K.L.:
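One structure coming up, written as structure tokens, with questions to follow.
Per chain, numbering begins at 1; letters A, B, ... match sequence-line order. Since the model is a prediction, treat every value here as computed from it, not as a measurement.
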There are 2 protein chains.
Amino acid sequence: MDIPQELRKLGLKATLPRLRILQLFQESKAKHLNADDVYRLLHDEGIDMGLATVYRVLMQFADAGILIRRHFESVASVFELNEGGHHDHLICTGCGRMEEFLDAAIELRQEAVARERNFVLHEHSLSLYGLCGDCADSVQPGSGRRLRRS
Amino acid sequence: MDIPQELRKLGLKATLPRLRILQLFQESKAKHLNADDVYRLLHDEGIDMGLATVYRVLMQFADAGILIRRHFESVASVFELNEGGHHDHLICTGCGRMEEFLDAAIELRQEAVARERNFVLHEHSLSLYGLCGDCADSVQPGSGRRLRRS
DNA sequence: ATAGGTGCAAAAGGTTTGCAATCAA
DNA sequence: TTGATTGCAAACCTTTTGCACCTAT
């Protein structure tokens, strides 16, 4: 089905800001964008939309399940397209690279932990931080010294 | 050893704000406090210290390893005493109650996931969100309805 | 036509910083 | 004494909100 119609089904009018933001997430190389990224990228395309609108649309999309809002260590929250499958993140603190993963054993143990403590689990957030192969290699070899965090 | 001396060993002068904040974390019932909590609790004790100082001290303590800074879903970051053992959190979205847990299997799998992707792991953050027994019980029984998040 | 959406500017949290005054060592 | 630390106020950054104008349906 076409996008405008899908938006309407969610009770959202198919306005230009909404269509452009959705398109950005669908086409952008970076899967994770914060409000300012979106604002800036659209401006670079010559689309002049207010930051407040970006925030409003991102929230509406997150509420509607089109986007997922994530809270990593950074101050600003980032959004990514909700493509259905749940996943967690592995983040390189050197270059910012982000990989997704899903580990069945971890998912099962999370359920078990919650059950043992009599909790009904609704969601979870798991982020692993470290250095990717490339960044680990750029550490001064031989010395114990470590590159400062970038 | 006494606290003032330990602070000095870390290169921090044993000032009143520092001593009071440390004492607060050691004696407070709530293990997780944000900057504003600390500021408010100390003011309630009649200690009149600036919010900026609270922030500075919390950061210094976190850098020194005395405190751990956590980023949960809420906007403000919270701090807890670093008592050595790593642990993750199980948080009730109904009443805010927080339980700590450590699951060996999860820890191992995290290492494995990182290894498979050629990452050197430095840290991770795992938070489980759900309803604790008490809050789950307060859901309208019989109906499928769920209590709104408080 | 009109309910919903937008831009702008202002406000609202949370956090950081510059600076002169103060304090621990 | 002297460099570290503090309080205050102002600045910053991210996010939210009020309001008059605009637009998709």
Side-chain angles (χ1 to χ4, degrees), chain A residues 1-24 32-43 45-64 66-79, chain B residues 1-24 32-43 45-64 66-79:
Chain A
M1 203 203 300
D2 68 340
I3 306 285
Q5 213 162 126
E6 290 189 13
L7 287 179
R8 263 173 249 127
K9 267 204 309 193
L10 293 166
L12 299 172
K13 289 185 180 173
T15 62
L16 210 103
R18 285 179 182 149
L19 293 172
R20 289 316 195 118
I21 288 177
L22 192 45
Q23 187 183 32
L24 178 62
H32 300 83
L33 302 172
N34 65 32
D36 196 60
D37 293 334
V38 171
Y39 178 77
R40 194 180 314 276
L41 287 169
L42 290 179
H43 269 247
E45 292 181 24
I47 297 149
D48 197 32
M49 117 184 28
L51 226 201
T53 299
V54 173
Y55 273 102
R56 279 186 288 232
V57 172
L58 290 177
M59 296 304 180
Q60 290 159 346
F61 282 2
D63 287 345
I66 298 174
L67 295 177
I68 298 174
R69 182 183 192 172
R70 308 267 182 198
H71 301 269
F72 297 120
E73 295 286 310
S74 73
V75 208
S77 45
V78 303
F79 297 78
Chain B
M1 203 205 301
D2 66 341
I3 306 286
Q5 213 163 122
E6 291 189 12
L7 286 179
R8 264 174 248 127
K9 267 204 308 192
L10 293 167
L12 299 171
K13 289 186 180 174
T15 63
L16 209 102
R18 285 179 182 148
L19 293 172
R20 289 315 196 117
I21 287 177
L22 192 44
Q23 188 184 30
L24 178 64
H32 300 84
L33 302 172
N34 66 31
D36 196 60
D37 294 334
V38 171
Y39 178 77
R40 195 179 315 274
L41 288 169
L42 291 179
H43 268 247
E45 292 181 24
I47 296 148
D48 196 31
M49 115 183 31
L51 227 202
T53 300
V54 173
Y55 274 103
R56 278 186 289 233
V57 172
L58 290 176
M59 296 304 182
Q60 290 159 347
F61 283 2
D63 287 345
I66 298 174
L67 295 177
I68 299 174
R69 182 183 193 171
R70 306 269 183 197
H71 302 270
F72 297 120
E73 295 286 312
S74 73
V75 209
S77 44
V78 303
F79 296 78

K.L.:
Pick the closest DNA chain D nucleotide for B:V75 and for B:K13 by heavy atoms, then say which residue is nearer the 5' end.
P.N.:
B:K13

K.L.:
So, OP1 or OP2 of D:dT15: does either fall under 4.0 Å of a side-chain N or O from A:Y55?
P.N.:
yes

K.L.:
Examine distances only and state if a side-chain atom of A:D2 and a backbone atom of A:P4 form a donor-acceptor pair shorter than 3.5 Å.
P.N.:
no

K.L.:
Go nucleotide by nucleotide along DNA chain C from the 5' end; which of A:G50 and B:M59 gets its closest nucleotide reached first?
P.N.:
A:G50

K.L.:
So B:A76, base contact, sugar-phosphate only, or nothing? Heavy-atom distance under 4.0 Å.
P.N.:
sugar-phosphate

K.L.:
Sort out for me which residue in A:I47, A:L33, A:D37, A:L19 forms a side-chain contact (heavy atoms from CB on, under 4.5 Å) with A:L24.
P.N.:
A:L33

K.L.:
Looking at D:dA9, D:dT15, C:dT15, which one has an atom nearest to any side-chain atom of B:A35?
P.N.:
C:dT15

K.L.:
Which one of A:H71, A:R70, A:R69 satisfies the side chain to side chain donor-acceptor pair (under 3.5 Å) criterion with A:S77?
P.N.:
A:R69

K.L.:
With a non-hydrogen cut-off below 4.0 angstrom, is A:D48 in contact with a base, only sugar-phosphate, or nothing?
P.N.:
sugar-phosphate

K.L.:
Which part of the nucleic acid, if any, lies within reach of A:R56 when heavy atoms closer than 4.0 Å are counted: base, sugar-phosphate only, or nothing?
P.N.:
base

K.L.:
Any side-chain N or O of A:S77 less than 4.0 Å from the OP1 or OP2 oxygen of D:dT14?
P.N.:
no

K.L.:
Rounded to whole angstroms, how far apart are CZ on A:R18 and P on C:dG4?
P.N.:
11 Å

K.L.:
Using a 4.0 Å heavy-atom cut-off across all strands, classify B:L12 as base, sugar-phosphate, or nothing.
P.N.:
sugar-phosphate

K.L.:
I want to verify a distance call: between D:dT25, D:dT15, C:dT15, whose nearest atom is closest to the A:A14 side chain?
P.N.:
D:dT25

K.L.:
Are any of A:R8's side-chain N or O atoms less than 4.0 Å away from OP1 or OP2 of D:dT25?
P.N.:
yes

K.L.:
Answer yes or no: is there a side-chain heavy-atom contact under 4.5 Å between A:I21 and A:M49?
P.N.:
yes

K.L.:
Rounded to the nearest Å, what distance is computed from the CZ atom of residue A:F79 to the P atom of nucleotide D:dT14?
P.N.:
13 Å

K.L.:
Under 4.0 Å between a side-chain N or O of B:T15 and OP1 or OP2 of D:dA4?
P.N.:
no

